[in-house]
Amino acid sequence: MTEVKNIAEKLARFGCYSVAGVYFMVGLMALLSFLGVGPAAADEERIVDLILEIPFGEVLIVILILGLLGYVIWRIYETFADPYEFGSSLKGKARRAGIGLSALGYIIIAFGAAQILFQGGGDSESDQKLFISQVLSFPGGQILVGIAGIILGFTALVQFKYIYGGDYNKRMKYEKMPSWIVKATHITAWAGYIARSILLGVLGFFLVKAAVKSDSDEAGDTDSAFDFLGDFGAIGHTIFIAVALGTMCYGIFMLISGYYYSFELKEGEEH
């Protein structure tokens, strides 16, 4: 069991670096797009397309996919092996279920990257809308899509609670950090998790709207979420820039986490 845990931890650190790269690039591309000096869209598909244009891009994409899968494996390990001893109480099961659900987003990113790499690309937003359209055609499909949107909205609230409650502090080895990295951790964690909360909330809103109207065109991806935020005049532009910078900050936070993440249950920590 110890050997399995050690392997899972190595995969987790590797995965943190991959997640860091994805989020930093999404935020950077959104910001450059807003300034009119970069790609016209900012989502995971555009990142993969961009990487494929550079030498050895296919190798980098494979490494990215493996890293994301490594992170997913760690989250699954956390869910079932319960290394932090959350236990089998209702609260403990809820926390472990939340960990497991958080892996879904990274599975989707990894699957999309693999699809582009091995099948010659595609349009992720169009594929998503086609899938939602098929679900809406099922008996009870509107309810399923609506529930998915509510889950995303709930996840957004959980992300905000995670940062507001300082839960991220429980997994960081602050005693081994220089003081400037400690400050950077707090700043990037707050900015990053708030940005993620906003994006997840918007994506959840899209799904609920698609369910209510029974129209898959109401759904959208990360780029659509950024566009939505920018549609409210000067205030929207300010929010767009803030969320783009926050998304980049989340990437930096995950980079720090990859090096300083603590896999041990800290003394006195609440189960």
Side-chain angles (χ1 to χ4, degrees), residues 12 15-16 18-20 22-24 26-27 30 42-44 68-69 71-80 82 84 86 90-112 124-125 128-129 131-132 135 142-171 188-212 218-226 228-229 239 242-244 246-251 253-254 257 261:
C16 282
S18 293
V19 172
V22 169
Y23 275 89
F24 186 85
V26 166
D43 56 27
E44 295 80 5
L68 291 171
L69 292 178
Y71 193 74
V72 168
I73 290 172
W74 167 252
R75 300 305 273 179
I76 293 174
Y77 175 84
E78 284 182 308
T79 302
F80 293 101
D82 193 19
Y84 304 128
F86 290 142
L90 182 61
K91 181 179 179 181
K93 288 180 178 178
R95 296 177 74 174
R96 291 163 66 181
I99 290 172
L101 287 173
S102 71
L104 291 177
Y106 303 110
I107 293 175
I108 293 171
I109 296 174
F111 176 78
S124 60
E125 185 173 10
Q128 179 186 14
K129 290 182 177 180
F131 174 74
I132 292 174
V135 174
Q142 283 180 266
I143 296 176
L144 290 175
V145 174
I147 290 174
I150 292 172
I151 289 175
L152 273 182
F154 178 74
T155 303
L157 294 177
V158 170
Q159 294 287 300
F160 185 77
K161 178 186 178 300
Y162 184 82
I163 190 67
Y164 182 77
D167 290 355
Y168 70 96
N169 291 313
K170 298 177 182 178
R171 298 286 170 258
T188 56
W190 272 86
Y193 274 101
I194 290 174
R196 285 195 74 202
S197 296
I198 292 173
L199 289 174
L200 286 172
V202 172
L203 293 174
F205 169 72
F206 286 164
L207 286 178
V208 171
K209 193 175 178 182
V212 171
E218 295 291 345
D221 58 5
T222 304
D223 182 58
S224 301
F226 273 111
F228 175 82
L229 293 173
I239 296 174
V243 173
T247 304
M248 293 172 65
C249 282
Y250 185 75
F253 173 75
M254 290 301 293
S257 296
Y261 193 90

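No hydrogens, no waters, no symmetry mates; every other heavy atom, side chains included, goes into these values.
The environment of Tyr168 atom OH is dense: over 12 non-hydrogen atoms of other residues, nucleotides or ligands sit within 6.0 angstrom. Enclosure of atom CG in Leu157 by more than 12 non-hydrogen atoms of other residues, nucleotides or ligands within 6.0 angstrom is indicated.
For the atom pair OG of Ser224 and CD of Glu218, the computed distance is 11.0 Å after rounding to the nearest 0.5 Å.
The heavy-atom pair separating Val212 from Gln142 by the smallest distance is O-NE2, 3.8 Å. When all heavy atoms of Gly192 and Cys249 are compared, the pair lying nearest together is N-CB, 4.1 Å. Heavy atoms only, all atoms of each residue included: Ile132 and Ala219 are closest at CD1-CB, 3.3 Å. Listed here is the closest heavy atom pair of Ala20 and Gly251: CB-O, 3.0 Å. Of all heavy-atom pairs spanning Gly146 and Ala211, the tightest one is N-CB, 3.5 Å. Summarising the geometry of Ala244 relative to Ala30, their closest heavy-atom pair is CB-CB, 4.1 Å, with the distance given to 0.1 Å.
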What pairs of donor and acceptor atoms, side-chain ones from residues 197-207 against any protein atom, are under 3.5 angstrom apart with sequence neighbours left out?
unit_1	atom_1	unit_2	atom_2	d
Ser197	OG	Ala156	O	3.1
Ser197	OG	Phe160	N	3.3
Ser197	OG	Tyr193	O	2.9

Does Phe24 form a side-chain contact (heavy atoms from CB on, under 4.5 Å) with Tyr250? I'd like the steps, not just the answer.
CA-CA 7 Å; Phe24 186 85; Tyr250 185 75; over 6 Å; no
